[in-house]
Amino acid sequence: MAETSTVAEDLLEVIRKECLGVNCGGIKRLGAVFRHLDLDYSKRITFEELRDGLHKFGIHMSQEYLRILFNAFDKDSSGGIDFCEFMNELRPPLSPSRLEVTDEAFHSLDVNGNGYIEIEDLKVVYAANARRHPKYLSGEWTEDETLQNFLDSIDTPGSPDGKVTRDEWINYYSGVSATIEDDCYFDLLMRACYNLPPKGSGKF
């Protein structure tokens, strides 16, 4: 079992590197990869779709390894890989300190504490940032359009619903995190971007 788990992680790492590339747009690219693999648009990837899709990406492996990889994705053993299973396995893991500040930023924007961020939340805590956006300053976008663009950039690629859940937030910043080597710089970036108190200040 341990050997199978190690093989599964090695195979997932191959797919992760192929999908993500080297930029923070990698998470959006994962969404595009999922849609590319989902040949019948069922929002679930079958074993055959995974096999055929990987071939198109130039990734070839034995039936045994394909089955190990498929099972690593299909956590609920439903016979298909849904988007959440796909993303949860392939997004680059956040270290505990990065996850902590990423969660802190999410909760600072989720003003009413309902578990997702929407425009009404952003109007309370993020409107000043929106008013500094070049397209708002030029008059091309309204404040609501600017805030919506922010939400859509983080929302699930290809199917935005105007609300950003914690999982979607973590997915996005996992991609950003993959481009930043230094934990302290990532922490500083998040705190500056979302006006969070300095680490260890005890203020929330």
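All values below were derived from every heavy atom in this structure, side-chain atoms included, with hydrogens, water molecules and symmetry-related copies excluded.
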What is the distance from atom [atom1] of [X] to atom [atom2] of [Y], rounded to the nearest 0.5 Å?
| X | Y | atom1 | atom2 | result |
| --- | --- | --- | --- | --- |
| Thr102 | Phe186 | OG1 | CZ | 3.5 Å |
| Lys75 | Asn88 | NZ | CG | 9.5 Å |
| Thr165 | Glu118 | OG1 | CD | 12.5 Å |
| Asn71 | Leu11 | CG | CG | 11.5 Å |
| Asp38 | His36 | CG | NE2 | 11.0 Å |

Worksheet entry | Under the side-chain contact (heavy atoms from CB on, under 4.5 Å) test, residues paired with Glu64 that sit two or more places apart | Ser62, Ile68
Would a distance-only check, ignoring hydrogens and angles, find a side-chain to backbone donor-acceptor pair under 3.5 Å from [X] to [Y]?
| X | Y | answer |
| --- | --- | --- |
| Glu85 | Asp82 | yes |
| Ser177 | Ser174 | no |
| Asn112 | Asp121 | no |
| Asp183 | Arg98 | no |
| Asp110 | Asn114 | yes |
| Asp74 | Gly79 | yes |

Item to complete: With salt bridge (Lys or Arg N to Asp or Glu O under 4.0 Å) as the test, would you mind laying out the steps for Arg166 and Asp103 before giving the verdict?
Response: CA-CA 8 Å; Arg166 178 182 176 274; Asp103 270 337; 2.7 Å; yes
Worksheet item: In terms of the angle between their ring planes, are Tyr194 and Trp169 parallel, tilted or perpendicular, with boundaries placed at 30° and 60°?
Response: tilted
Quick check: do [X] and [Y] have side-chain heavy atoms less than 4.5 Å from each other?
| X | Y | value |
| --- | --- | --- |
| Ile45 | Phe73 | no |
| Glu104 | Arg191 | yes |
| Phe86 | Val33 | yes |

Worksheet item: Strictly by modelled atom types, are Ser78 and Asp76 linked by a side-chain donor-acceptor pair under 3.5 Å?
Response: yes
Extract all donor-acceptor atom pairs below 3.5 Å that involve side chains of residues 123-137 and protein atoms in other chains or at least two apart in sequence.
residue : atom : partner : partner atom : Å
Lys123  : NZ   : Asp144  : OD1          : 3.4
Arg131  : NE   : Glu143  : OE1          : 3.1
Arg131  : NH2  : Glu143  : OE1          : 3.3
His133  : ND1  : Lys135  : N            : 3.1

Which donor-acceptor pairs under 3.5 Å do the side chains of residues 49-56 make with protein atoms, sequence neighbours left out?
residue : atom : partner : partner atom : Å
Glu49   : OE1  : Thr46   : N            : 2.9
Glu49   : OE2  : Leu39   : N            : 3.1
Glu49   : OE2  : Asp40   : N            : 3.1

Worksheet item: Are Val101 and Tyr185 linked, directly or through other ILVMFWY residues, by side chains that come within less than 4.5 angstrom of each other?
Response: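 Cluster IDs for Val101 and Tyr185 match.
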